[in-house]
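Below is one structure, written out as structure tokens; comments come after it.
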Amino acid sequence: MKTNIYDHYNDLGYLYLDNFFSEKELQKIEIIVNKFHNSWLKENHKYYQSGLINSHSITSSKFISKDERLEVFKFITQDKIFTITHSIFPDKALFLNTQLFFDPFDKNQNNYWHRDIQYTGMSIDEQKEKIKTQNVLHFRIPLKPESGIELIPATHKSWDLNEEQETRLSLNGRKPSDNLQRGKTISLNRGDLLVFSANMIHRGLYGNDRFTFDIIFCDDSPGFRNFIDLKNHPIQEELKFLNNKLF
Ligand SMILES: O=C(O)CCC(=O)C(=O)O
């Protein structure tokens, strides 16, 4: 299993595993995630209305209790997730954060092709070098059936075609929501898991009132460690209850 996961991911930059979570596993985490989301929406309605499509940092949120926070950490560190992070990251994976993705308030809002690394302020040449050695992974856990993610396979390691770079950077009259020839859609059902590299060219596909819980992992490198908000990580007392070390 380990070799398959690694080879598939290494070649294509993503892994789609259907029926990965049981209904029982999902229901437990869903109660907490829903509670967070309802409170978050009340407090952030203004931002939601002006275009936000995600929230983050559930584990440091005032909207959930200490026990619920521990449940989220147990979910994140469970063996079957750890097996995958361990296969993909040669040394050690580090838990970065959690995010929830939902549909935009304005149903006409366009999605956008991007690589997450394009928002870091690095030059294009630096980005080209960095994707060879540093990685950020999304574990996408849809709580509803959704159109999913469209991605360009293998671009976690290889650079854009001209048309792709122009599209995500809005150059030469192209728009980030324009269709791309090499795009591959991975639609998702409740219970599925999609692991994908945030380095690769991708976009979210809106619709069906999507609601997905994403866990983000990265390489354990000083660059990323500096970026981590430790409030999202377990404290010593909580670590005692967790099987696998991702912190
Ligand atoms: O689902 C989405 O809307 C986009 C997800 C995404 O682009 C990301 O996680 O970087």
Side-chain angles (χ1 to χ4, degrees), residues 9 12-16 33 37 40-41 44 47-58 76 81 84-85 88 93-122 127 130-131 134-157 160 164-165 167-170 175-180 182-190 192-219 224 227-229 232:
Y9 172 79
L12 299 172
Y14 72 94
L15 275 179
Y16 167 64
V33 162
H37 185 57
W40 182 91
L41 268 183
N44 294 279
Y47 302 104
Y48 172 53
Q49 283 190 325
S50 52
L52 262 195
I53 53 152
N54 63 56
S55 57
H56 60 86
S57 303
I58 295 167
I76 292 167
I81 290 187
I84 301 176
T85 55
I88 294 178
L94 200 56
F95 165 68
L96 189 56
N97 208 345
T98 49
Q99 281 183 300
L100 292 177
F101 285 86
F102 34 84
D103 274 349
F105 177 78
D106 174 0
K107 300 299 170 230
N108 294 316
Q109 184 170 311
N110 285 326
N111 61 13
Y112 52 98
W113 288 105
H114 63 283
R115 296 176 184 266
D116 285 20
I117 200 167
Q118 76 188 61
Y119 305 115
T120 55
M122 284 179 214
Q127 292 176 36
K130 269 286 183 276
I131 65 168
Q134 281 198 357
N135 201 4
V136 176
L137 279 191
H138 275 251
F139 277 55
R140 171 151 296 200
I141 301 157
L143 295 167
K144 290 183 180 175
E146 59 165 283
S147 302
I149 290 279
E150 191 174 0
L151 44 80
I152 303 199
T155 54
H156 63 313
K157 295 266 178 66
D160 308 44
E164 293 162 354
Q165 181 161 310
T167 299
R168 62 183 178 83
L169 302 181
S170 304
K175 295 194 301 298
S177 60
D178 286 348
N179 288 332
L180 290 175
R182 296 199 296 166
K184 179 177 170 65
T185 296
I186 318 274
S187 52
L188 301 169
N189 282 313
R190 185 175 164 93
D192 296 349
L193 171 69
L194 174 68
V195 179
F196 66 96
S197 167
N199 282 347
M200 75 194 310
I201 306 175
H202 63 282
R203 64 172 171 176
L205 298 173
Y206 308 154
N208 303 327
D209 197 21
R210 69 184 189 145
F211 190 54
T212 176
F213 175 48
D214 281 28
I215 309 172
I216 329 283
F217 297 101
C218 59
D219 289 299
F224 285 132
F227 189 66
I228 280 175
D229 181 351
N232 286 310

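Along the sequence shown, residues are numbered consecutively beginning with 1. The analysis underlying the following values was restricted to heavy atoms, covering all of them including side chains, and did not include hydrogens, waters or symmetry mates. Atoms within each ligand, like the ligands themselves, are counted from 1 in listed order.
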(message) For Arg190, is there any backbone N or O sitting under 3.5 Å from a side-chain donor or acceptor partner on Lys144?
(response) no
(request) State whether a side-chain donor-acceptor pair under 3.5 Å links Asp178 with Thr167. (result) no
(message) Under 4.0 Å from a heavy atom of Tyr206: which atoms of ligand 1 are those, numbered in the order shown and with their elements?
(response) 3 (O)
(message) I'd like to know whether the aromatic ring centres of His138 and Phe217 sit less than 6.0 Å apart in this structure.
(response) no
(request) Please confirm whether the backbone N or O of Asn199 pairs with a side-chain atom of Ser197, one donor and one acceptor, at under 3.5 Å? (result) yes
(message) With a heavy-atom distance limit of 4.0 Å, tell me whether Arg140 approaches ligand 1 through its side chain, its backbone, both, or neither.
(response) side chain
(request) Considering the heavy atoms of Asp116, write down every atom of ligand 1 situated less than 4.0 Å from one of them. (result) 10 (O)
(message) Can you tell me if His114 contacts ligand 1 (heavy atom of the residue under 4.0 Å from the ligand)?
(response) yes
(request) Could you check atom 3 (O) of ligand 1 against the protein and tell me its nearest heavy-atom contact, residue, atom and distance included? (result) Arg210 NH2, 2.8 Å
(request) Determine, for Phe101 and Arg140, whether the Lys NZ or Arg CZ falls below 6.0 Å from the six-membered ring centre while staying within 45 degrees of the axis. (result) yes
(request) Using a strict 4.0 Å cut-off to heavy atoms of Gly204, name the atoms of ligand 1 that fall inside it. (result) 1 (O), 2 (C), 3 (O), 4 (C)
(request) Would you mind telling me if ligand 1 is within reach of the side chain of His202, the backbone, both or neither, using heavy atoms under 4.0 Å? (result) side chain
(message) Under 4.0 Å between a side-chain nitrogen and a carboxylate oxygen: does that hold for Arg182 and Glu164?
(response) yes
(message) Test of understanding: given a 4.0 Å heavy-atom threshold, classify the contact between Ile53 and ligand 1 as side chain, backbone, both, or neither.
(response) side chain
(message) Under 6.0 Å between ring centres: does that hold for Phe102 and Trp40?
(response) yes
(request) Do me a favour and list the nearest non-hydrogen protein atom to atom 9 (O) of ligand 1 with residue, atom name and distance? (result) His138 CE1, 2.8 Å
